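Counting convention: from 1, in listed order, for ligands and their atoms alike. Computed from a prediction, not measured in an experiment: that's the story for all the values here.
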Amino acid sequence: MPYTAELKGLIKKVEATRPARIEKKKRGEEFRLLTLKEREERLRKYHPDFVEGARKEIRVGPSKGYAISPEIVALLEAKSRVNPDSIDLTKIAYETDILILGGGGAGTAAALTAQEKGAKVLIATKLRHGDANTMMAEGGIQAATRATKDSPYYHYLDVLGGGHFKNTPELVYTLVTEAPKIISWLESLGCMLTKFPDGVMKALHGGGTSRKRMHYAADITGAEIMRTLRDEARNRAADIKVLEFSPAVELILNEHGHCAGAVLYNLETEEYFVVKAKAVVMATGGSGRLHIQSFMTTNHYGATGDGLVMGYRAGVKVCFLHTVQYHPTGAVFPEQAEGLLITEKVRGAGANVLNIDGEQFVNEREPRDVESASFIRECREIGKGIPTGSGKIGIWLDSPMIEILMGEGAVKREFPGKFILFKRYGIDISKEPMLVYPTLHYQNGGLEYNSRCETSIPGFFSAGEVSGGVHGENRLMGNSLLDVCVFGRIGGISAASYIKEKFKDGKLTLDHVRRYHKELEEAGIITDRVAPMLLPDYSNPKVRERQLTSHYIGTLR
Ligand code: MEZ
């Protein structure tokens with residue numbers, strides 16, 4: 001749906017202030033960045049992480065007492081989907097060297113390196129191979145490739161600054177020092193990142209970056225990286241098998257306490273089955289579909305935090321889940337596109353963010369948490385948000401500035417995905433600004449792991465968004481695509497060396513699930529809820545009442 005007459009009227013105010021803002025940009029003048037102290041104040045007052053009720057203590061398990069989002073606590077305090085007594089662990093449906101849970105960027109990168117080290121790999125994924133948040137990432141991948149202007153040193157400082165200096169230093173070190181090699185690796189596999197005619201890779205700023213190091217493939221960087229990794233894995237089909245529509249629901253340990261496989265669920269036949277493996281890599285991604293605090297999300301349909309539940313139940317601590325990332329620019333108009341990612345690259349390319357009067361109120365390149373908190377303040381406290389006409393409120397993202405700053409055709413060339421999408425709704429984003437509001441984007445924390453992707457359980461490795469520590473309390477743009485490649489690759493290498501050097505076969509067991517159920521009972525947690533959730537439930541409460549299910553157990557019974 002095109003903009004209404006009211007919104008078109010308000011766009012005139014944006015157009016009125018645009019020439020002066022363009023002139024300022026050309027002179028290199030920026031809206032003042034907040035000081036560190038001001039940033040902290042803004043977060044504490046307006047960021048959703050700090051609203052009352054945003055955090056709740058987990059009452060059981062290895063991180064008992066740690067306060068995180070209630071929506072995640074509810075999953076961690078749920079029972080297993082399976083009764084451990086009814087699973088016959090001697091009936092093994094598949095046996096492999098390395099089982100990888102999740103077919104996104106991290107899982108697929110892990111499969112490639114594990115295979116190169118001689119392992120036979122099975123990727124089990126909930127939906128199709130590549131249905132993952134990697135596919136949804138748009139604007140870029142960070143790497144300090146421009147030796148004369150940048151270095152991993154500056155990248156390291158930016159990551160720490162973005163993460164409020166809370167990040168795990170060894171993880172950040174690995175992330176930034178591996179980054180330039182990742183770009184070469186992706187290119188060697190055929191990944192097409194955007195370049196100048198002379199072959200030099202283009203680079204832009206992202207929020208919180210001190211150097212231009214955001215490499216990209218138009219506004220479909222994640223899709224291009226996922227395409228490359230998936231093609232490569234499919235080309236090695238003799239050693240890398242893929243099971244689609246088969247999410248994991250429980251890890252299996254062995255009598256030595258090592259990870260030894262997983263119970264999977266066939267979404268089509270609704271059967272559970274056992275996979276035995278010498279090592280397991282958890283790469284199930286994030287949890288945007290939990291819609292924390294009822295926020296819309298940029299995440300793919302299967303992002304329900306399953307890996308957190310399985311890893312935690314097996315005994316791995318969780319960390320950095322006390323902060324959640326809201327991407328400042330989720331679409332808020334038209335309604336069909338609500339929550340959808342409008343890449344940060346739009347701001348990196350120069351588009352200002354504006355209130356109802358067409359005025360700037362924050363620099364467009366503050367770190368994401370500060371930018372989001374500033375949007376919320378402008379809309380909810382200052383009262384200068386733009387009403388969409390359907391009960392929502394947003395901020396203008398002045399995309400036509402890019403057309404003026406970078407030349408005619410720049411919006412279509414640099415942002416083809418969004419240009420085409422909005423065109424279908426009758427909005428030309430090279431001429432009209434977009435309306436945006438924060439949307440749930442990233443699980444900053446997750447399972448505790450180290451720079452070799454090892455967790456506290458031998459034979460169990462973690463990589464990508466399901467893990468916590470590298471991004472501290474807030475991830476910067478372009479570091480998630482980097483994260484999945486860096487730690488996915490390391491996860492595969494570590495799992496392959498583990499099976500050669502440390503693997504110990506033993507009787508399979510689900511005793512950890514029995515123990516967890518007992519702990520729930522002892523904590524007085526009486527619940528019918530089961531987890532992992534697997535898929536979000538969007539049925540309306542009236543329909544749910546007629547679904548003949550006496551209690552909520554998620555979409556699938
Ligand atoms: O790293 C991200 O989250 C990313 C690239 C998102 C975006 O704004 O495009």
Ring pair (Phe, Tyr, Trp, His ring centres under 6.0 Å) involving Tyr156 - partner list, sequence neighbours excluded:
none

Criterion salt bridge (charged side-chain N to carboxylate O under 4.0 Å, His left out) on Glu30 and Lys24, from CA distance to verdict
CA-CA 7 Å; Glu30 295 287 349; Lys24 269 173 76 178; over 6 Å; no

Is a donor on one side and an acceptor on the other found under 3.5 Å between the side chain of Lys126 and the backbone of Leu534?
yes

Under a 3.5 Å threshold, I'd like every N/O contact between ligand 1 and protein atoms, with atom names and distance.
| unit_1 | atom_1 | unit_2 | atom_2 | d |
| --- | --- | --- | --- | --- |
| ligand 1 | 1 (O) | Arg475 | NH1 | 2.8 |
| ligand 1 | 1 (O) | Gly478 | N | 2.8 |
| ligand 1 | 3 (O) | Arg368 | NH1 | 2.9 |
| ligand 1 | 3 (O) | Arg368 | NH2 | 3.1 |
| ligand 1 | 3 (O) | His441 | NE2 | 2.7 |
| ligand 1 | 3 (O) | Arg475 | NH1 | 3.4 |
| ligand 1 | 3 (O) | Arg475 | NH2 | 2.8 |
| ligand 1 | 8 (O) | His327 | NE2 | 2.8 |
| ligand 1 | 8 (O) | Thr343 | OG1 | 3.4 |
| ligand 1 | 8 (O) | Glu344 | N | 2.7 |
| ligand 1 | 8 (O) | Arg368 | NH2 | 3.3 |
| ligand 1 | 9 (O) | Gly139 | N | 2.6 |
| ligand 1 | 9 (O) | Thr343 | OG1 | 2.6 |

Can you see whether Asp483 engages His471 through a side-chain donor-acceptor pair at a distance of less than 3.5 angstrom?
yes

Which residues share a side chain to side chain contact (heavy atoms under 4.5 Å, CB included) with Asp219, sequence neighbours left out
Thr343, Phe415, Pro416, Lys418

Tell me, please, which residues at least two apart from Glu244 pass side chain to side chain contact (heavy atoms under 4.5 Å, CB included).
Thr125, Arg128, His129, Arg234, Val242

